[in-house]
Amino acid sequence: MLSAARLSRHVLGGAVAVVAALAVAAPADAGHGSTVGSPGLGDPYFPLAGNGGYDVRHYALDLDYVRAGNHLDATAVITARATRVLTRFDLDLRGFTIGSLRVDGAPARFTRDGQELIVTPRRPLRAGHTFTVRIDYSGEPTEVVDPDGSSEGWVTTGDGAFVVNEPQGAPGWFPANDNPRDKATFDFAITVPKGITAIANGRLVSRRDHKGGTTWKWREDSPMAPYLATATNGVFELRVSRVGRIPLYHAVDPVEVPSGAFDVLATEAEVITFFSDLYGPYPFTSGGGVVDHAPEVGYALESQTRSQYDSTPGASTVVHELSHQWFGDSVSLTVWPDIWLNEGFAVWSEWIYDERHGGPTAQESFDAAYARPATSTFWQRPPADVGGPAFLFSSPVYDRGAMTLQALRTKIGDRAFFGLLREWYAKNRNGNVTTADFVRLSEKRGGRDLHAFFDTWLYQPTKPTTW
Ligand code: TRP
Ligand code: ZN
C-alpha cells in the first residue's frame with residue numbers, strides 16, 4: 001500500500017520550503033512515459049530506500065536460520081501491484097546469493113547494484129496488474145551501520161539475532177520496498193533449531209517441531225512499514241497474555257537477561273489502556289515486546305506490535321515504545337526528515353503518561369528540557385530540519401519535538417490540543433503523514449494561523465523565546 005506524499009503546499013519558512021522542494025523534485029517514478037521503476041523514492045535522507053513503479057501488498061517470508069555459521073536460507077514471496085507499465089523494477093536487498101527469482105512464476109533476469117536488486121520480468125507488467133515476485137536467497141544476513149554509527153538489521157547475539165531495522169536495516173535480511181510509504185501485510189515462517197524461539201510481528205499462527213527444527217509462523221494483518229518488521233530469535237521464554245481481545249506476546253532471554261524483565265513488560269497492559277483512552281483504540285490486533293541481550297545495539301525499537309529491547313527497559317521506555325504503535329507505526333512518516341512526528345510524539349507521550357500517573361506534569365518536563373541554556377548546541381538542530389541522517393535520533397528530535405507539542409498545548413488549550421491528537425490518529429491510522437499535514441490540522445483545530453509558531457519550534461536553529 002503506497003500512499004502518495006502529501007507534501008507541503010503550506011510554506012512555513014525557508015527550511016520547510018527546502019525539505020518540501022527536495023521531496024517534490026525527486027518524484028516516485030523515473031518520469032512520464034518511463035517503464036523503468038525508479039531505484040528510490042527520493043527520500044531526502046535515504047534517496048535509494050524504496051523503489052518506484054509498484055506498491056507492495058504482502059510479504060511472505062520463509063526464513064531458515066542457524067546462528068552457528070550465521071546462515072540464512074530464505075524464500076520471499078512479494079505480492080505487489082504495478083502502478084504503471086513496468087519493463088523493469090527494483091527491490092532493496094543487501095548481500096546474499098540469489099538462487100532463483102521468478103515473476104508470476106516465470107524466471108526473470110536480475111542484476112545487483114549496491115542495495116538495488118534490479119529485476120527484468122520476461123514480459124512487461126501491465127499498469128494495475130497484481131504480480132508476485134518469488135526470490136530464493138541465502139547467505140549471511142547483513143548488519144547495516146547507520147550514518148550515526150549505530151547498528152541495525154540482523155544483529156547477531158550469543159544465541160540468535162536481535163532484528164531491528166530503523167531506518168534502513170530491512171534489506172539486510174529480506175528483499176523489500178524499503179520505504180515507510182509502502183506498507184504491507186506480512187506472513188513469517190521462521191525455522192530455527194529446536195530450543196530456539198523466533199518472534200516476529202503480529203499473532204502466532206502456529207509452532208511446529210519437525211526433524212529440521214521448529215517452525216514459528218507469525219502473521220501481521222495490519223499494513224506495516226518494512227523497517228518495523230522483526231524476526232528476533234534465540235533462547236527465549238515466551239508468555240502470552242491479553243489486554244481485552246488483544247493477545248500480548250512477551251519474550252525474555254532467560255539466560256542473559258536478569259529476572260524481572262517480565263514484570264516490566266507486564267506494565268504494557270495498563271499503558272495500552274491508557275493510550276487507547278487518550279488517543280483512540282490500540283491500532284493493531286496483537287501486542288507485546290521482546291527483551292534480549294544485545295548490548296552493541298544500544299537502543300530499543302518500536303517494531304510493530306512487538307517492541308524490541310536490547311536490555312531490560314525502564315518503565316518510561318516501555319511507555320515510549322508503546323506510544324509509537326500509534327505515532328510512528330500506525331501513523332507513519334512519509335519522509336525521514338519528519339522523524340520528530342515519531343520521536344517528539346513518543347517523548348511527549350511519556351510526559352503526559354507521567355502527568356496522569358502522579359509524576360511531573362508535562363509542563364514541568366517541558367520546563368526541565370527548556371532550561372538548557374540558549375548557548376547549548378542542543379538548540380542548533382531544529383527537530384524538523386536536523387541537517388542529515390546522522391542526526392535522525394539526536395536529542396532535539398526527541399526533546400524539542402516533545403517541547404513543540406507541549407508548547408502547542410499551552411497555546412491552543414487542552415480541549416483543542418487533545419482533540420487534535422485524537423483526530424490526527426483517527427484520520428491517519430494505517431497511513432502516512434508529513435509535518436505540513438500536522439500544521440494544517442493544528443491550525444484547523446486551534447482555529448488560528450500557527451505559521452510562526454511551528455517555524456520557531458521546528459525550523460529555527462535557535463532557542464525559541466516567544467511563540
Ligand atoms: N526509534 C527508536 C526509539 O526511539 C530509536 C532508534 C531506532 C535509534 N534506530 C536507532 C536510535 C538508531 C539510535 C540509532 O524508540
Ligand atoms: Zn522513539
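Whatever order the structure lists them in is the order used to number ligands and atoms, beginning at 1. Hydrogens, waters and symmetry mates play no part in the numbers below; they use all other heavy atoms, side chains included.
For Phe275 and Trp326, the ring centers are positioned less than 6.0 Å apart.
Of all protein N/O/S atoms, those under 2.8 Å from the Zn ion (ligand 2) are His320 NE2, His324 NE2, Glu343 OE1, and waters are not counted.
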Pairs under 3.5 Å, nitrogen or oxygen of ligand 1 with protein nitrogen or oxygen:
{"residue": "ligand 1", "atom": "1 (N)", "partner": "Glu166", "partner atom": "OE1", "Å": "2.7"}
{"residue": "ligand 1", "atom": "1 (N)", "partner": "Glu302", "partner atom": "OE1", "Å": "3.0"}
{"residue": "ligand 1", "atom": "1 (N)", "partner": "Glu343", "partner atom": "OE2", "Å": "2.8"}
{"residue": "ligand 1", "atom": "4 (O)", "partner": "His320", "partner atom": "NE2", "Å": "3.2"}
{"residue": "ligand 1", "atom": "4 (O)", "partner": "Glu343", "partner atom": "OE1", "Å": "3.0"}
{"residue": "ligand 1", "atom": "4 (O)", "partner": "Glu343", "partner atom": "OE2", "Å": "3.3"}
{"residue": "ligand 1", "atom": "4 (O)", "partner": "Tyr398", "partner atom": "OH", "Å": "2.7"}
{"residue": "ligand 1", "atom": "9 (N)", "partner": "Glu166", "partner atom": "O", "Å": "3.2"}
{"residue": "ligand 1", "atom": "15 (O)", "partner": "Ala300", "partner atom": "O", "Å": "3.4"}
{"residue": "ligand 1", "atom": "15 (O)", "partner": "Glu302", "partner atom": "OE1", "Å": "3.3"}
{"residue": "ligand 1", "atom": "15 (O)", "partner": "Glu321", "partner atom": "OE1", "Å": "2.8"}
{"residue": "ligand 1", "atom": "15 (O)", "partner": "Glu321", "partner atom": "OE2", "Å": "2.7"}

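Between Asp437 and Lys427, no side-chain nitrogen of the basic residue sits less than 4.0 Å from a carboxylate oxygen of the acidic one, so the salt-bridge criterion is not met.
Side-chain N/O atoms of Glu270 and His357 include a donor and acceptor closer than 3.5 Å. With 3.5 Å as the limit, one finds no donor-acceptor pair spanning the side chains of Glu152 and Gln168.
Relative to the six-membered ring of Tyr370, Lys463 meets both conditions, a distance below 6.0 Å and an angle of at most 45° to the axis. A cation-pi arrangement is not found for Arg306 relative to Phe186, the charged atom failing to lie both closer than 6.0 Å to the ring centre and inside a 45° cone about the ring normal.
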Can you list, pair by pair, the side-chain donor-acceptor contacts under 3.5 Å of residues 221-229, counting residues two or more places apart and other chains?
{"residue": "Asp221", "atom": "OD1", "partner": "Thr285", "partner atom": "OG1", "Å": "2.8"}
{"residue": "Asp221", "atom": "OD2", "partner": "Thr285", "partner atom": "OG1", "Å": "3.4"}
{"residue": "Tyr227", "atom": "OH", "partner": "Asn342", "partner atom": "ND2", "Å": "3.4"}

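Met403 has its side chain within reach of Trp351: a pair of non-hydrogen atoms, C-beta onward, lies under 4.5 Å apart.
A side chain to side chain donor-acceptor pair (under 3.5 Å) check over residues 229-246, counting only residues at least two apart or in different chains, returns the pairs Thr230-Thr232, Thr232-Gln308, Glu237-Arg239.
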